[in-house]
J.: 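I have a structure I would like to understand better, so I am pasting it below and will then ask my questions one at a time.
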Amino acid sequence: MTTKKELRRMLRQRKQQHSAAEASTVISRLKENPHFQQAHFLLLYSALPDEVSTQTLLDELVAEGKTVLLPRVTSDTEMELRRYTGTNDLQTGAFGILEPTGERFTDYETIEVAVVPGMAFDIQGHRLGRGKGYYDRFLTKIPHAYKIGICYPSRLLDLVPTDDNDILMNEVIS
């Protein structure tokens, strides 16, 4: 069986180009999800180049009056959430990721849906992250939230290696 480290290396070597149309299709499927539609407090992310872009979606959700939360890396092991109200709230942070500068958010029990990026997912809902464990550690703080992994179709695999610390997604949309 392939290890997580080997799978990450293989995915990085592929250097796949994903079209805006592919991203749009994934985001459309996400927006059709009943859990996503009904949620008022949503954890999302600001995308890296190989992740499904969420920028337009973030702004749409804010315009709809939803509370949008984005992670901000605070140490080698932890991240916190900040409220997102628009692109003025973003600045380049850890790992070159656009991170929120808005108000810190700690009312975790109100988060209804967490939309989670990954290098890959499998059809059972397992996620291959980037290897630092930020999301797996944070998701333990919001066990009640419905977790949706999103990725490009080429990143939905039959099997992703797992370990005991990995948090399972309730659903994967690709």
Side-chain angles (χ1 to χ4, degrees), residues 1-8 11-12 26-27 29-30 33-48 50-54 57-58 61 66-85 89-90 93-152 155-174:
M1 176 164 193
T2 305
T3 67
K4 287 183 177 188
K5 191 173 187 176
E6 291 167 339
L7 183 54
R8 284 186 194 100
L11 291 169
R12 285 185 182 110
V26 174
I27 294 298
R29 288 183 181 138
L30 175 64
N33 181 284
H35 295 278
F36 184 82
Q37 287 176 348
Q38 294 164 12
H40 297 286
F41 287 81
L42 299 114
L43 167 59
L44 284 105
Y45 64 92
S46 187
L48 287 168
D50 64 342
E51 296 171 342
V52 175
S53 176
T54 57
L57 176 63
L58 297 175
L61 293 170
K66 300 204 178 205
T67 299
V68 176
L69 308 166
L70 297 178
R72 178 180 182 85
V73 172
T74 58
S75 74
D76 286 344
T77 59
E78 297 297 319
M79 64 185 199
E80 66 183 18
L81 298 185
R82 299 282 178 130
R83 190 179 298 262
Y84 173 81
T85 60
D89 285 353
L90 297 175
F95 311 107
I97 301 169
L98 286 176
E99 292 184 332
T101 58
E103 168 191 342
R104 188 161 183 226
F105 186 89
T106 57
D107 196 8
Y108 298 153
E109 61 276 357
T110 63
I111 300 170
E112 298 153 281
V113 169
V115 178
V116 183
M119 289 193 74
F121 292 89
D122 68 20
I123 54 180
Q124 292 83 29
H126 299 112
R127 173 182 170 271
L128 178 70
R130 296 187 180 275
K132 298 279 188 180
Y134 287 104
Y135 273 95
D136 289 317
R137 274 189 295 281
F138 187 80
L139 291 173
T140 63
K141 298 175 183 180
I142 55 170
H144 60 280
Y146 191 82
K147 295 159 208 52
I148 302 173
I150 65 170
C151 65
Y152 290 106
R155 298 290 179 104
L156 182 61
L157 310 176
D158 291 334
L159 184 66
V160 166
T162 61
D163 62 41
D164 293 340
N165 297 322
D166 293 334
I167 301 296
L168 190 66
M169 299 295 106
N170 295 101
E171 185 173 352
V172 177
I173 296 175
S174 67

J.: Under a 3.5 Å distance rule, please check whether Lys66 uses its side chain to pair with a backbone N or O of Gln37 as donor and acceptor.
T.: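 Such a contact is found between Lys66 side chain and Gln37 backbone.
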J.: For the backbone of Leu57 and the side chain of Thr54, can you confirm whether one donor and one acceptor N or O come within less than 3.5 Å of each other?
T.: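 Side chain of Thr54 to backbone of Leu57, a donor-acceptor pair under 3.5 Å: no, none is there.
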J.: Would you say that more than 12 heavy atoms from the other residues, nucleotides or ligands in this model lie under 6.0 Å from the CG of Asp107, or not?
T.: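 Yes, CG of Asp107 has more than 12 neighbouring heavy atoms, counting only those of other groups under 6.0 Å.
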J.: Nearest 0.5 Å, please: how far is CZ in Arg155 from CG in Asp50?
T.: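 Here the interatomic distance stands at 5.0 Å.
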J.: Does Glu51 form a side chain to side chain donor-acceptor pair (under 3.5 Å) with Tyr152? I'd like the steps, not just the answer.
T.: CA-CA 8 Å; Glu51 296 171 342; Tyr152 290 106; over 6 Å; no
J.: Under a 4.5 Å cut-off applied to non-hydrogen side-chain atoms, are Ile167 and Arg127 in contact?
T.: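 They are not in side-chain contact.
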J.: Any chance you could measure Leu81, atom CG, to Thr106, atom OG1, to the nearest 0.5 Å?
T.: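 Going from the CG atom of Leu81 to the OG1 atom of Thr106 covers 9.0 Å.
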J.: If I take atom CD1 from residue Ile150 and atom CZ from residue Phe36, how far apart are they, to the nearest 0.5 angstrom?
T.: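 Atom-to-atom, Ile150:CD1 and Phe36:CZ are 8.5 Å apart.
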J.: For residues Phe138 and Tyr108, establish whether the separation of their ring centroids is below 6.0 Å.
T.: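 Ring centroids of Phe138 and Tyr108 are less than 6.0 Å from each other.
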J.: Rounded to the nearest 0.5 Å, how far does OG1 of Thr67 lie from NE2 of His40?
T.: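 If we round to the nearest 0.5 Å, His40:NE2 and Thr67:OG1 are 9.5 Å apart.
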J.: Could you report the tightest heavy-atom contact between Leu11 and Met119, atom names first, then the distance?
T.: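 Here Leu11 and Met119 meet closest at CD1-O, 3.7 Å.
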J.: Is there a side chain to side chain donor-acceptor pair (under 3.5 Å) between Asp166 and Thr162? Walk through the geometry before answering.
T.: CA-CA 6 Å; Asp166 293 334; Thr162 61; 4.8 Å; no
J.: Suppose we screen for salt bridge (charged side-chain N to carboxylate O under 4.0 Å, His left out). Which residues come up paired with Arg29, at least two apart in sequence or across chains?
T.: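 Not a single residue meets the salt bridge (charged side-chain N to carboxylate O under 4.0 Å, His left out) criterion with Arg29.
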